[in-house]
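Both backbone and side-chain heavy atoms feed into the values below; hydrogens, waters and symmetry mates do not. What you see is a predicted model, and the numbers here were worked out from it, not measured in a lab.
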Amino acid sequence: MVSNFQANGLLAIGASPIMGEAPEEAAELAELSQALSLNIGTLHAESLKSMLIAGKKANQLGIPVVLDPVGAGASDFRLKAVYEILETVHVNVLRCNAGELAAIAGEQWESKGVDAGEGFLDVKQLAVTTSKN
């Protein structure tokens, strides 16, 4: 559902989105791109493998990479996947809410998945600090 919404939005502004998940085509699709969006909303082992392949290829070609760590703190699998992406791929933009940012930074925050949740952190400062790590 989100992929369809995102694709239609991109089409509306003249882009040519491809929502590929197959590792066999990830590098090839990245080569066609002017920007790469890695979204872990429907994360599974194969999609993670594809994201790593596409992200590395985008980095080699100087293509900007956006990471959307959907529900990063909802499960260990998601959080470990985000860390693996961040360790493997140079991400230009981390598009996340406060709860996802706190999870990535290892900070305490009340969140149940994709909601921003609640906490007592200076989110702006946390974003600056996390971006430097």
Student: Would you say I85 and L48 make side-chain contact, with heavy atoms under 4.5 Å?
Tutor: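 Heavy-atom side-chain distance check passes, below 4.5 Å.
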
Student: About how many Å separate CD of E24 and NZ of K49, when rounded to the nearest 0.5 Å?
Tutor: 7.0 Å

Student: Report whether V89 and F77 are members of the same hydrophobic cluster (ILVMFWY, side-chain heavy atoms less than 4.5 Å apart, transitive linking).
Tutor: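 Yes, V89 and F77 fall within the same hydrophobic cluster.
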
Student: Can you find a heavy atom in the side chain of V65 that is under 4.5 Å from one in the side chain of L38?
Tutor: yes

Student: I'd like to know if the side chain of E31 reaches the main chain of E28, judged simply by a donor and an acceptor atom lying under 3.5 Å from each other, with no hydrogens or angles considered.
Tutor: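 No; judged by distance alone, with no hydrogens or angles, the pair does not exist.
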
Student: Using 0.5 Å steps for rounding, measure from the CD atom of E21 to the CE atom of M51.
Tutor: 7.0 Å

Student: Between N59 and H90 (side chain of the first, backbone of the second, donor and acceptor by atom type, cut-off under 3.5 Å), is there such a pair?
Tutor: yes

Student: If you look at every heavy atom in T42 and S47, which pair is closest and at what distance?
Tutor: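 Minimum heavy-atom separation between T42 and S47: O-OG, 3.9 Å.
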
Student: Closest heavy-atom contact between V70 and E100?
Tutor: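 For V70 and E100, the tightest heavy-atom pair comes out as CA-OE2, 3.3 Å.
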
Student: Under the criterion side chain to side chain contact (heavy atoms under 4.5 Å, CB included), which of V93, N39, V82 is the partner of L67?
Tutor: V82

Student: Does one hydrophobic cluster hold both Y83 and L94, with members joined at side-chain heavy-atom distances below 4.5 Å?
Tutor: yes

Student: First locate atom CG of L52, then atom OG1 of T88, and finally report the distance between them rounded to the nearest 0.5 Å.
Tutor: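 L52 CG to T88 OG1: 5.0 Å, rounded to 0.5 Å.
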
Student: Would a distance-only check, ignoring hydrogens and angles, find a side-chain to backbone donor-acceptor pair under 3.5 Å from N92 to V66?
Tutor: no

Student: Write down the atom of A30, the atom of A54, and the distance for their closest heavy-atom approach.
Tutor: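 Heavy atoms only, the tightest pair is CB-O, 3.6 Å.
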
Student: Okay, side chain of S33, backbone of L36: is any donor-acceptor separation there less than 3.5 Å?
Tutor: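 A pair under 3.5 Å: no.
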
Student: Of all heavy-atom pairs between S50 and A26, which one has the smallest distance, and what is that distance?
Tutor: O-CB, 3.5 Å

Student: If you round to the nearest 0.5 Å, how far is CG of L79 from CD1 of I40?
Tutor: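 Here the interatomic distance stands at 8.5 Å.
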
Student: Going through the distances and angles, do L86 and I104 end up as a side chain to side chain contact (heavy atoms under 4.5 Å, CB included)?
Tutor: CA-CA 10 Å; L86 290 172; I104 293 166; 4.1 Å; yes

Student: Quick check: closest heavy atoms across L43 and A81, and the distance to 0.1 Å?
Tutor: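 So the two residues come closest at CD2-CB, 3.6 Å.
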
Student: Does the R78 side chain pair with the main chain of G41, one donor and one acceptor, at a distance under 3.5 Å?
Tutor: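 Yes, because the side chain of R78 sits within donor-acceptor range (under 3.5 Å) of the backbone of G41.
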
Student: Considering non-hydrogen atoms only, spot the tightest contact between E25 and G20 and give its length.
Tutor: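 The pair with the smallest heavy-atom distance is OE2-CA, 3.8 Å.
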
